[in-house]
Amino acid sequence: MQSLTDQQLLQAAQQFGTPLYIYNAHKITEQYQKLKSAFYKPNTRFFYACKALTNIHVLQHIKSIGCNIDCSSINEVKLALYAGFEPKHILYTSNGIHFTEIQEAVGLGVNITIDSISNLKKFAIQYQNTYPVSIRIRPDIMGGGNINISTGHENSKFGIPITRLNDILTLMQEHPLHVSGLHIHTGSDIEDISVFIDGIEVLFEILPHFPQLKFLDLGSGFKVKYKEGDKATNIELLAKEIYEDFDQHPSAKHLEIWFEPGKFLVSESGYFLTKVNVMKENNESKFIGVDTGFNHLIRPMFYGSYHHIKNLSNPSTAKDTYTIVGNLCETDTFATDRTLDVTNEEDILCFYNAGAYGFEMSSNFNSRFKPAEVLFKDNEFSLIRRRDVFEDLLHHQINLSTVK
Ligand code: PLP
């Protein structure tokens, strides 16, 4: 699979303007094939964690390659249905939600994972064993790139702590409950395979309490490369070790294995293009001021994520060191002291690995427009979301005719 060339990216910037998100559908397919060939057994199922990127055209592409979908809100469930996924291919991994949302998900017939004793109890009282449910366990394992993206540790809000297993068992004695799955998800950017293996151990220990189990859902957190020399999760080795563990376990070997990859499928497919508005020299720093900010790409500011940045317009042997900042009325630094090809106003910069949690976390802060999105597929760029226009800022405000 060929990555998009600088020329193609520049052409897209010219055609659709900036700031602009571009997704390469072929890269998404390639990543899915990597997972499928490593985890080759038919008992393994993948559910794309669509919180990473929900554009309907991307969802339809994901569906067309045979992947299922994981949703974190009832509206994501509705988007998945809108994109054509069948309920049985939709997983709703809820967290921190009101019980009415779970009732709605039951009404839509999708797979459901519950992550609190409180909601599990309400579920047991209302549905007893008429609707299968999966339970999210917090395994008390520290995993992931940093604390902000770690979700399985003992101070995390996610899941039901493994130390409260007895509460789940008591609940199951009081109300018949059809527990079809157990779920863990310890974080994002997990390079260390032992984090997954430790999580599996935690689930294996409690298996005997859940005789109706059909699957173990191991969540996700597969790491991708962000820069030269970076390491990704070794998916082949991970698959080998997980299959060995399951094969050796008398009850686990009959279970399905589910995963919910988000970043692994879409991160590297995405490019975020931005134009240089203004060059500034203040004291020691040379600032590149771009036509975007954390309203469009918040990951660097929100959890210190690294995005490789390249000047597409001026490939040159002459380099300089810059701090790249946005155009918001807040401190919005994308990168400090980065070496780039010499940069001038009007140049186009590209942020790589922009497919996951990029557009999806965007906002209209400072009343700026959300960017356009473009899908590259079958050698063509197609606009899949138009850039906001001024009316979009007013769209939800009411009684505007009475405003003087
Ligand atoms: N599953 C759950 C429950 C999650 O919370 C997340 C990410 O937040 C994912 C899957 C996807 O993780 P990633 O994008 O690291 O693959």
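Scope of the values below: all heavy atoms of this structure, side chains included, with no hydrogens, waters or symmetry mates. We count ligands from 1, going down the list as the structure has it; atoms in each ligand are counted the same way.
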Participant: Could you identify the single nearest non-hydrogen protein atom to atom 9 (C) of ligand 1 and state the distance to 0.1 Å?
Facilitator: His185 CE1, 3.5 Å

Participant: With side chains defined as the heavy atoms from C-beta onward, is the minimum distance between Lys263 and Asp189 less than 4.5 Å?
Facilitator: yes

Participant: What residue and atom, counting heavy atoms only, is the protein's closest point to atom 15 (O) of ligand 1, and at what distance?
Facilitator: Ser188 OG, 2.4 Å

Participant: Using a 4.0 Å cutoff against the non-hydrogen atoms of Arg136, which atoms of ligand 1 qualify?
Facilitator: 3 (C)

Participant: Provide the number and element of each atom of ligand 1 under 4.0 Å from a heavy atom of Ala49.
Facilitator: 9 (C), 10 (C), 11 (C)

Participant: Looking at ligand 1, does any of its N/O atoms fall within less than 3.5 Å of an N/O of His183?
Facilitator: no

Participant: With a 4.0 Å cut-off on heavy atoms, does Tyr357 reach ligand 1?
Facilitator: yes

Participant: Side chain of Asn314, backbone of Val342: donor and acceptor closer than 3.5 Å?
Facilitator: yes

Participant: Does a donor on one side chain and an acceptor on the other come within less than 3.5 Å for His57 and Glu373?
Facilitator: no

Participant: Taking side chain as C-beta onward, heavy atoms only, is Tyr306 less than 4.5 Å from Asn353?
Facilitator: no

Participant: Between Lys214 and Glu256, does a side chain to side chain contact (heavy atoms under 4.5 Å, CB included) hold up when you go through it step by step?
Facilitator: CA-CA 6 Å; Lys214 185 179 136 208; Glu256 291 182 7; 3.7 Å; yes

Participant: Do Tyr243 and Phe39 have their ring centres less than 6.0 Å from each other?
Facilitator: yes

Participant: Please say whether Glu260 places an N or O atom under 3.5 Å from an N or O atom belonging to ligand 1.
Facilitator: yes

Participant: Can Ala356 be said to touch ligand 1, with heavy atoms closer than 4.0 Å?
Facilitator: no

Participant: Are any of the N/O atoms on Gly262, whether in the backbone or the side chain, positioned under 3.5 angstrom from an N/O atom of ligand 1?
Facilitator: yes

Participant: Tell me which protein heavy atom sits closest to atom 16 (O) of ligand 1, plus the residue, atom name and distance to 0.1 Å.
Facilitator: Ser220 OG, 2.6 Å

Participant: Counting both backbone and side chain atoms, is some N or O of Lys263 under 3.5 Å from an N or O of ligand 1?
Facilitator: yes

Participant: Does Lys51 have a heavy atom less than 4.0 Å from any atom of ligand 1?
Facilitator: yes

Participant: Tell me, do Lys310 and Phe351 make a side-chain contact under 4.5 Å, heavy atoms counted?
Facilitator: no

Participant: Do the ring planes of Phe204 and Phe246 sit parallel (below 30°), tilted (30 to 60°) or perpendicular (above 60°)?
Facilitator: perpendicular

